[in-house]
Structure formats: structure tokens, C-alpha cells
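Structure, as C-alpha cells:
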Amino acid sequence: MDDRIIDTGTDIDTLLQKQERELREANRMNDPKKDNNEMTAAAGMSPAEAAKKKEMGAGSTKVDENIPSDFSEIVSLPMPMPRHHRYIDDPSIPGAYAVQGAIYAPPSPRVSVSSGSTGGGGDIEMGSPAAVPAASTSDTNNDGLVEARPVTQPQATADEVVVLKHEKKKPCRASLVLIVVAVVAVLVLAVSFAVAVTNARTDDDVIIMVTSTKPDDTEEGQQKKNQTLDPTLGRLLPNYTLDAIRQGMSVLDGMDSNATTNVTLLTPQYRAYDWLTTDMDMQSYADDRLVQRFALATFFFSTKGYNWTSQTQSLLNDTNHTAAESLLLNPNDYFRPQESLEWYQAVPGSRKRDVQTEESERSQEAFEPWLSPQHECQWWSLAPVNGYSTCNNDSSFYVSLDVEGNNLAGELPPELGLLTTLESIFVGRDRQTHGPIVSQIGQLTRLRELHLGGSQSTGTIPTELARLSDTLEYLGIGFNRLTGTFPSQLTALSKLEQLKIDANRLHGTLPKNLGSHLSNLRIVSFYRNQFNGTVLSSLIPCANLAFIDIAENQFADEIPSELGTLTHLTRLFLPNNRLHGTLPSTLALLPKLGKLNLHNNVNLTGPLPPEFAALNQTLTVFQIQGTGITGTIPEALCGMKKLKFDCSDTLCGCDCPCG
């Protein structure tokens with residue numbers, strides 16, 4: 001930097017006068033007609049103002065002898081930098097700013113200098129804010145004078161450039177973040193919609209989405225909003241059903257107009273109501289027909305009817321319920337499918353449905369799909385295939401609801417209780433059905449057979465089933481997830497012939513008087529539960545018992561000798577319990593006994609009765625491994641189909657040599 005400094009104490013008057021004379025001289029040479037007043041006016045001030053400036057500067061300052069006569073490096077104190085560096089990019093902000101290489105001078109009295117070097121005049125006020133870079137070779141003209149430079153944007157340092165770029169990107173980054181958030185939100189909505197549609201299609205392949213009927217604010221919309229339930233259905237249906245219908249209506253009322261919703265959000269009762277009230281023939285139906293049609297439609301929607309395997313033809317390869325049911329049993333050779341058919345044929349009072357005949361195979365009919373305009377008695381059913389009629393003799397009312405093993409899902413609706421003419425319900429063998437066994441089934445006072453086995457039913461056994469005491473003969477609720485105890489109220493089912501509650505999570509003890517009240521029992525299956533106490537003695541009054549299965553519980557019975565009086569007994573499955581005592585010889589008196597399983601009862605002891613040799617004509621399975629039974633296996637039994645025992649020093653025979 002040049003070390004020549006302006007001395008504010010120097011006399012500047014002489015310098016001013018000299019500069020003024022030189023300017024006037026130059027102006028006269030360019031335009032002789034202009035006088036001093038004209039030059040002053042051209043400079044933008046009056047003669048009085050010029051005189052006043054001259055008077056203020058006279059005799060007050062001295063010029064440093066080091067200052068060159070051309071004033072090329074005299075600069076005043078520059079303006080301070082703006083508070084925020086970002087404004088150095090804004091050319092609209094006036095003023096001059098310090099630049100590297102400038103020579104700064106303290107403020108001095110303002111000096112008005114008139115210049116006419118370019119043919120035009122003007123005043124230069126010294127001491128006003130300015131910043132001039134130090135002179136350089138490239139900054140001077142041919143006359144050796146420093147060129148005037150406009151106040152422009154200064155060059156920022158490298159650090160400032162980085163900061164500036166960073167700050168300039170902030171709005172862009174904010175916009176970018178907003179865009180990304182918007183895109184993600186759209187994608188999430190799209191995925192959610194796709195999942196909803198997929199779920200809807202899984203539940204219902206035909207009716208997937210419905211348009212909201214939420215009324216608008218128009219007069220017509222207000223009329224719709226004030227509409228109530230159909231008065232006829234409102235009179236015929238129970239309150240719990242009407243509440244479910246209103247719940248479905250509230251879902252639609254909570255939606256925006258013209259919106260769509262997944263039908264699975266609507267109650268089955270509302271969907272049945274909506275379907276029925278759009279039936280053009282609804283007004284012609286009698287009250288009992290309206291209730292029946294509504295109840296069946298509710299059952300259809302509640303069990304995901306649009307996903308059923310079949311709706312128009314019989315399942316020829318899977319029609320026999322007994323054979324299919326036996327496939328659910330455990331693999332311990334308790335109940336083989338083919339043997340079950342043969343066995344049921346031999347059991348007195350067996351149902352047609354238990355044995356498939358040529359006649360039932362020929363009972364094929366042309367069915368209408370469910371919810372078709374035709375009479376509901378023409379809708380698809382397995383009943384004719386199994387020797388049953390779907391409706392009564394005049395084909396008006398349902399007597400058999402038989403759609404089991406048809407990919408049902410969801411829950412059984414309480415509206416089953418509205419089908420008061422039903423005599424049989426077979427809707428089991430579908431592992432996607434769940435929920436409780438609805439207590440309203442207890443209202444079906446004509447019901448003879450109830451098969452809900454092989455599903456995922458939960459909850460407890462409803463005590464309301466005891467209301468069916470005058471009719472119920474078959475209760476099959478095995479292979480579910482039922483909990484709790486066996487209700488003592490069910491001992492009122494005096495007509496019951498088959499009691500199958502196997503493979504659940506039931507516990508506790510069974511009523512002591514079970515057989516006394518249920519003396520018509522032919523089949524008892526408590527297999528794979530958590531029952532304890534005793535049961536065998538209570539079954540002695542059941543003279544027609546043909547099948548007893550109490551395997552895999554915690555029963556602590558002694559095998560009563562009175563079991564030898566049950567002459568119809570063909571299957572006796574007692575393994576995996578806590579039985580104790582000895583094996584009674586009276587079991588050899590059972591003329592039809594085909595399978596006897598006693599294994600894994602470690603407290604069952606004593607010798608094997610030699611009388612068992614008499615069972616060689618009927619007994620095909622005899623398992624006593626895992627017990628404390630001793631003695632010798634009769635040679636007459638060595639040729640049976642399945643003989644299992646622990647070969648030891650205390651038990652031998654057949655292929656196990658004795659000691």
C-alpha cells in the first residue's frame with residue numbers, strides 16, 4: 001500500500017482555487033460562451049452555494065506536500081460493511097464499500113470540484129463515501145489519471161462464496177424436502193389403497209367397494225339423511241340385528257359424499273339389509289320369508305360367501321361327512337376313514353349322512369348361486385348329496401343348512417337363530433371360521449344335528465344349547481379352540497346320541513350324572529382336552545354306547561368292570577391318562593370290541609386276563625405299551641392287525657419270548 005497520507009491540517013484553499021481556475025480555463029476553451037454562472041448551474045448548484053463552499057474551505061486547511069497535484073489517490077473513509085454479508089449480492093443497496101488495496105483517509109471538509117474534461121461539467125464532493133482501489137498500471141489512462149470506477153459488487157472470498165452457496169440452497173432444499181414428503185405421502189396412500197383393495201378382493205371377489213350414501217346438504221340429501229329403517233324389517237328383526245344394521249349405516253354416514261369404502265368395514269347385517277331392500281319383489285314376501293331370506297344373506301356375508309369354493313354344484317369328491325371328519329382325528333389309529341364308514345353302517349340308528357350310498361351320489365341337482373333372485377331353497381347346498389332336503393316338503397322353509405368344507409371364513413352370525421325351521425346345521429371343517437358359537441342357536445327348537453367341528457371357534461360352550469333338550473341328537477363341536485368347562489346344563493339334552501367335544505381346550509371335571517341324563521349316547525369323544533377326575537363310571541347307564549374316546553386327558557379312573565355290560569361297544573380308547581388299578585376280565589365279554597387302546601397309563605397294573613383270548617374274532621388293535629400290565633399275551637391274539645406291548649421279563653408272548 002502507498003504510504004502517502006492526506007494531512008487534514010494542510011491548507012487546501014490554495015489547491016481549490018487552483019483547481020477551479022484550471023476547470024474554468026478548460027471550459028472556456030471548449031465553450032467560450034459559457035460564463036461562470038452557467039458552469040455553476042451545470043454542476044448542479046447555485047453561485048451562492050458554490051461561494052459558500054469556497055468560503056468554508058478558505059484558510060482552514062493545509063495540503064500535505066506529498067499529495068500529488070492530480071488528486072489521483074485521495075479517498076475518503078469508506079462506508080462500513082453491511083451487517084449481513086448476503087447483501088453484498090444486492091446491487092440495489094447504495095454506497096461504496098471497502099475493497100482490498102484502498103488507501104483510506106479520515107473525513108475532510110467537503111470540497112466541490114467542477115470537472116469538464118469530457119465536455120460535460122459536474123461537481124465532485126470530497127469526503128463523501130467512496131472506495132477506490134489503489135492505482136495500478138491497468139487502472140490509469142493515457143494521461144496518468146486513475147479511472148473512475150462504479151460501485152459494483154465486490155469479489156467475495158472463498159469462505160464467503162461457500163457460505164453464500166449454502167444459504168442460496170436453503171430455499172431449494174426446503175422445497176426439495178416438501179416435494180419428497182409429498183411424494184412419500186402419495187406413495188403411502190397408494191399402497192394403503194392397494195392393500196385395502198387386495199383385502200377386499202380376498203374377502204369378496206364380486207362386491208369389493210361401495211359408494212358412500214352419505215347425504216349432502218340438498219333437500220334430497222336431507223330427506224335421505226332423515227330416512228329410517230324399513231318399517232317391516234324394523235318390526236320383524238331383533239334389536240341386536242337392528243343395532244348391527246345401524247352400525248353399518250353409521251359407517252357410510254361418516255364418509256364424504258361419493259367416497260368409496262371397503263365393504264369389510266360394513267356389518268354383514270347391513271349388507272344383507274341393503275341387498276334385501278333393493279329386491280323389487282320384497283313387498284310380496286310374507287314376513288317369515290323375509291326373515292329367512294335376510295338371515296341367509298347375513299350368513300352368506302358373514303362367512304365371506306363370495307369366496308366359497310362352490311355355489312352351483314355338489315362336491316362329489318368330498319361329500320361324506322363322517323369320512324371327512326375322521327381325517328381330523330389323531331394318527332394313533334383311533335378312527336380310520338374307511339373303517340368309520342363300515343363301522344357306522346353297523347351302528348343302530350346311524351344317519352344317512354354318515355354313509356354315502358349310490359342313491360345319495362345320484363342326488364345331484366342344479367343349484368342357483370346364493371343371493372340369486374330365485375327362491376332361497378334353490379340356492380346351492382350339500383344337503384341333497386348327503387340324503388337330506390334343503391327345505392321342507394312344500395319347499396318354502398329351510399330345514400338343513402349344509403355348506404361345510406366350502407372355504408367358509410369369518411364368524412357365524414347370531415342371525416342363525418332366526419332360521420327357526422332348521423333341523424340340521426353342518427358348517428364345520430373350515431379352518432378360517434372363527435369366533436364364538438352364538439348362543440342364538442339355542443332358539444332353534446327343531447334342531448336335531450349341530451356340526452361345527454373342525455373350525456377355529458373360540459369362547460365357551462353356550463349354556464343356551466340346553467334349550468334344545470327335546471330335539472338335539474348330534475352335537476359335534478370338536479377340533480376347535482373352545483375353553484372353559486363342560487356346562488352341567490347340557491345334561492338336559494336327553495335325546496343326545498353323539499357328543500363330540502374332542503380336541504379343544506376344555507378343562508375341569510365332567511358331571512357325575514352325565515350318563516344318567518344322557519342315556520341315549522352312542523358316541524362319546526372327549527379326546528385331547530384337559531379334563532380330570534373320573535368319567536368311565538358315569539357312562540355305564542348308556543347302554544347303547546358304541547364308541548368311547550377319552551384319550552389324552554388327565555382322567556384318573558379305575559376301569560370299571562361294568563364296562564363289560566356295554567355290549568354294543570366297538571371302540572374303547574383310553575390312552576395317555578392317569579388310569580390306575582387292574583384290567584378287568586369283563587372286557588373280554590364285549591362281542592363287538594374291535595379296538596382297545598390303553599397305552600401310556602403307567603399306573604395301570606396287574607396281570608393280563610387270559611380271558612382276552614376270546615377277543616381274537618373281533619379285536620384288531622390292542623395296545624398296552626407304557627403300562628404296568630404283566631403276564632403272557634394269549635397266542636390267539638398274536639395274529640391280530642396291530643398288537644403293541646412292552647416286551648420284558650414281566651410281559652411276553654408272541655414274538656417276545658418269555659423268560
Next on the checklist: Any donor-acceptor pair under 3.5 Å linking the side-chain atoms of Asp502 with those of Ser525?
Outcome noted: yes

Next on the checklist: Taking Ser381's backbone N and O only, do any of them form a donor-acceptor pair with Asp402's side chain (distance below 3.5 Å, no angle check)?
Outcome noted: no

Item to check | Leu506/Thr460 under side chain to side chain contact (heavy atoms under 4.5 Å, CB included): CA gap, chis, key distance, verdict | outcome: CA-CA 9 Å; Leu506 302 171; Thr460 59; over 6 Å; no

Item to check | Side-chain donor-acceptor pair present, Thr630, Thr650, cut-off under 3.5 Å | outcome: no

Item to check | Heavy-atom donor-acceptor pair, Asn577 side chain to Ile550 backbone, under 3.5 Å | outcome: yes

Item to check | Glu376/Arg293 salt bridge by N-O under 4.0 Å criterion | outcome: yes

Next on the checklist: What I'd like to find out is whether the side chain of Leu465 reaches to under 4.5 Å of the side chain of Ile441, using heavy atoms alone.
Outcome noted: yes

Checklist entry - Measuring from Tyr273:OH to Leu242:CG, what's the distance to the nearest 0.5 Å? => result 9.0 Å

Checklist entry - Is there a donor-acceptor pair closer than 3.5 Å between any side-chain N or O of Ser455 and the backbone N or O of Ser457? => result no

Item to check | Test side chain to side chain contact (heavy atoms under 4.5 Å, CB included) applied to Trp380 and Val403, step by step | outcome: CA-CA 8 Å; Trp380 176 87; Val403 291; 3.3 Å; yes

Checklist outcome for this item: Between the CG atom in Leu510 and the CG atom in Leu499, the distance rounded to the nearest 0.5 Å is 9.0 Å

Next on the checklist: The test is side chain to side chain donor-acceptor pair (under 3.5 Å); show your working for Tyr285 and Gln292 and say whether it passes.
Outcome noted: CA-CA 10 Å; Tyr285 299 148; Gln292 175 176 270; over 6 Å; no

Item to check | Separation between NZ of Lys304 and CG of Asn407, rounded to the nearest 0.5 Å | outcome: 11.0 Å

Checklist entry - Just by distance, with hydrogens left out, do Glu415 and Thr241 show a side-chain donor and acceptor under 3.5 Å apart? => result yes

Item to check | Minimal non-hydrogen separation, Thr627 against Asn600, with atom names | outcome: CG2-N, 4.1 Å

Next on the checklist: In this structure, is the centre-to-centre distance between the rings of Phe300 and Trp308 below 6.0 Å?
Outcome noted: yes

Checklist outcome for this item: Checking Arg448, His451, Glu449, Glu497 against Tyr474 for side chain to side chain donor-acceptor pair (under 3.5 Å), the one that qualifies is His451

Item to check | Contact check, side chains of Leu514 and Thr491, non-hydrogen atoms, under 4.5 Å | outcome: yes

Checklist outcome for this item: Scanning both residues in full, the closest heavy-atom pair of Ser494 with Ser469 reads OG-O, 3.7 Å

Checklist entry - Does the side chain to side chain donor-acceptor pair (under 3.5 Å) test come out yes or no for Ser400 and Ser424, once each step is laid out? => result CA-CA 5 Å; Ser400 180; Ser424 61; 2.9 Å; yes

Checklist entry - Are any non-hydrogen side-chain atoms of His599 and Lys644 less than 4.5 angstrom apart? => result no

Item to check | Working for side chain to side chain contact (heavy atoms under 4.5 Å, CB included), residues Leu412 and Ile437 | outcome: CA-CA 7 Å; Leu412 299 181; Ile437 297 176; over 6 Å; no

Next on the checklist: Determine whether Tyr240 and Gln269 satisfy the following criterion, side chain to side chain contact (heavy atoms under 4.5 Å, CB included), listing intermediate values before the conclusion.
Outcome noted: CA-CA 10 Å; Tyr240 62 81; Gln269 293 81 0; over 6 Å; no

Checklist entry - Side chains of Pro560 and Ser537: closer than 4.5 Å at any heavy-atom pair? => result yes

Next on the checklist: Over 60° means perpendicular and under 30° means parallel, so tell me whether Phe526 and Phe555 are parallel, tilted or perpendicular.
Outcome noted: tilted

Item to check | Greater than 12 external heavy atoms within 6.0 Å of Arg289's CZ | outcome: yes

Checklist outcome for this item: Here the gap from Thr605 atom OG1 to Leu579 atom CG, rounded to the nearest 0.5 Å, amounts to 11.5 Å

Checklist entry - Do the side chain of Ser389 and the main chain of Asn392 share a donor and acceptor less than 3.5 angstrom apart? => result no

Checklist entry - Has Gln554 got more than 12 heavy atoms of other residues, nucleotides or ligands less than 6.0 Å from its CD? => result yes

Item to check | Minimum heavy-atom distance Val427-Leu408, with the two atoms named | outcome: CB-CD2, 4.3 Å

Checklist entry - Which value, rounded to the nearest 0.5 Å, describes the distance between Phe612 atom CZ and Leu593 atom CG? => result 8.0 Å

Checklist entry - Any side-chain heavy atom of Leu236 within less than 4.5 Å of one from Leu290? => result yes

Next on the checklist: Taking the six-membered ring for Trp, are Phe531 and Phe486 closer than 6.0 Å centroid to centroid?
Outcome noted: no

Next on the checklist: Within the structure provided, determine whether Leu482 and Ile501 are in side-chain contact (heavy-atom separation under 4.5 Å).
Outcome noted: no

Item to check | Gap between atom CG of Asn597 and atom CG of Leu572 - 0.5 Å precision | outcome: 8.5 Å

Next on the checklist: Going by disulfide bond (SG atoms under 2.5 Å apart), name the pairs with one or both residues in residues 386-432, residues two or more places apart or in two chains.
Outcome noted: Cys377-Cys391

Checklist entry - How about Cys652 and Cys647: are their SG atoms under 2.5 Å apart? => result no

Next on the checklist: Would the distance check show the side chain of Asn480 and the main-chain N or O of Leu452 forming a donor-acceptor pair, the cut-off being under 3.5 Å?
Outcome noted: yes

Item to check | Side chain to side chain, Thr420 and Thr445, heavy atoms closer than 4.5 Å | outcome: no

Checklist outcome for this item: Heavy-atom nearest pair, Ala272 first then Thr298, reads CB-OG1, 3.2 Å

Next on the checklist: Any non-hydrogen side-chain atom of Phe622 less than 4.5 Å from a side-chain atom of Met640?
Outcome noted: yes

Checklist outcome for this item: Taking every heavy atom of Pro462 against every heavy atom of Ser439, the minimum-distance pair comes out as CB-CA, 4.2 Å

Item to check | Minimum heavy-atom distance between Ile523 and Leu545, given as atom pair plus value | outcome: N-CD2, 4.1 Å

Next on the checklist: Whether Asp287 and Arg235 form a salt bridge (side-chain N of Lys/Arg under 4.0 Å from carboxylate O of Asp/Glu) is what I want to check.
Outcome noted: yes

Next on the checklist: Once side chain to side chain donor-acceptor pair (under 3.5 Å) is applied, do any residues pair with Ser396, and if so which ones, sequence neighbours excluded?
Outcome noted: Asp394

Checklist entry - Just one of His434, Gln432, Arg481 clears the side chain to side chain donor-acceptor pair (under 3.5 Å) bar with Gln456, so which one? => result Arg481

